[in-house]
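Working notes, beginning with the structure itself.
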Amino acid sequence: MGTDNMSVVDPLTLRVHGLDGLRIVDGSVIPYITNGNLYAPIMMIAEKSADIILGNQPLKPEKSDFYRKPN
C-alpha cells in the first residue's frame with residue numbers, strides 16, 4: 001500500500017493500481033506485520049474500507065483524556 005511507483009494498492013481508495021473495479025479489503029494491505037493479534041487491525045481495515053466504498057465521510061478526530069500512571 002502506498003503512493004509510489006512500486007506500491008500496488010492506493011491507501012485512499014484501496015483500488016489496485018492499473019486495474020479498474022478491483023479493491024483489496026483484507027490483511028494483505030498492511031505494510032508491516034503487527035506484533036500482536038491480527039483481529040483488531042483487520043476489523044479496522046474492513047470498517048474503513050466499507051466507509052470508503054460507501055462514500056461516508058470520516059469522523060473528525062476527537063481528543064480524549066487517558067489514564068497515565070503517576071511516576
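Here the closest non-hydrogen pair linking I52 and P11 is CD1-O, 4.5 Å. Closest heavy-atom contact between L14 and S49: CD1-OG, 2.7 Å. Pairing each heavy atom of A46 with each of V25, the nearest pair is CA-CG1, 4.2 Å. Of all non-hydrogen atoms in P41 and N37, the two that sit nearest each other are CD-O, 3.6 Å. Nearest heavy atoms, K48 versus P58: NZ-CB, 4.0 Å.
Atom CD of E47 sits about 12.0 Å away from atom CD1 of I42, to the nearest 0.5 Å.
For Y67, the OH atom is densely surrounded, since the number of other residues' heavy atoms within 6.0 Å is greater than 12. Other residues, nucleotides and ligands place more than 12 heavy atoms under 6.0 Å from the CG atom of L54. Remark: D4 CG is packed, more than 12 non-hydrogen atoms of other residues, nucleotides or ligands lying under 6.0 Å away.
The hydrophobic cluster containing L38 also contains M44, counting ILVMFWY residues as joined when their side-chain heavy atoms lie under 4.5 angstrom apart, directly or transitively. L12 and L19 fall into different hydrophobic clusters, where Ile, Leu, Val, Met, Phe, Trp and Tyr side chains are chained together by heavy-atom contacts under 4.5 Å.
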Worked check of side-chain contact (heavy atoms from CB on, under 4.5 Å) between I45 and V29:
CA-CA 9 Å; I45 290 169; V29 300; 3.9 Å; yes
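A side chain to side chain contact (heavy atoms under 4.5 Å, CB included) with R23 is found for exactly one of D10, I53, V16, namely I53.
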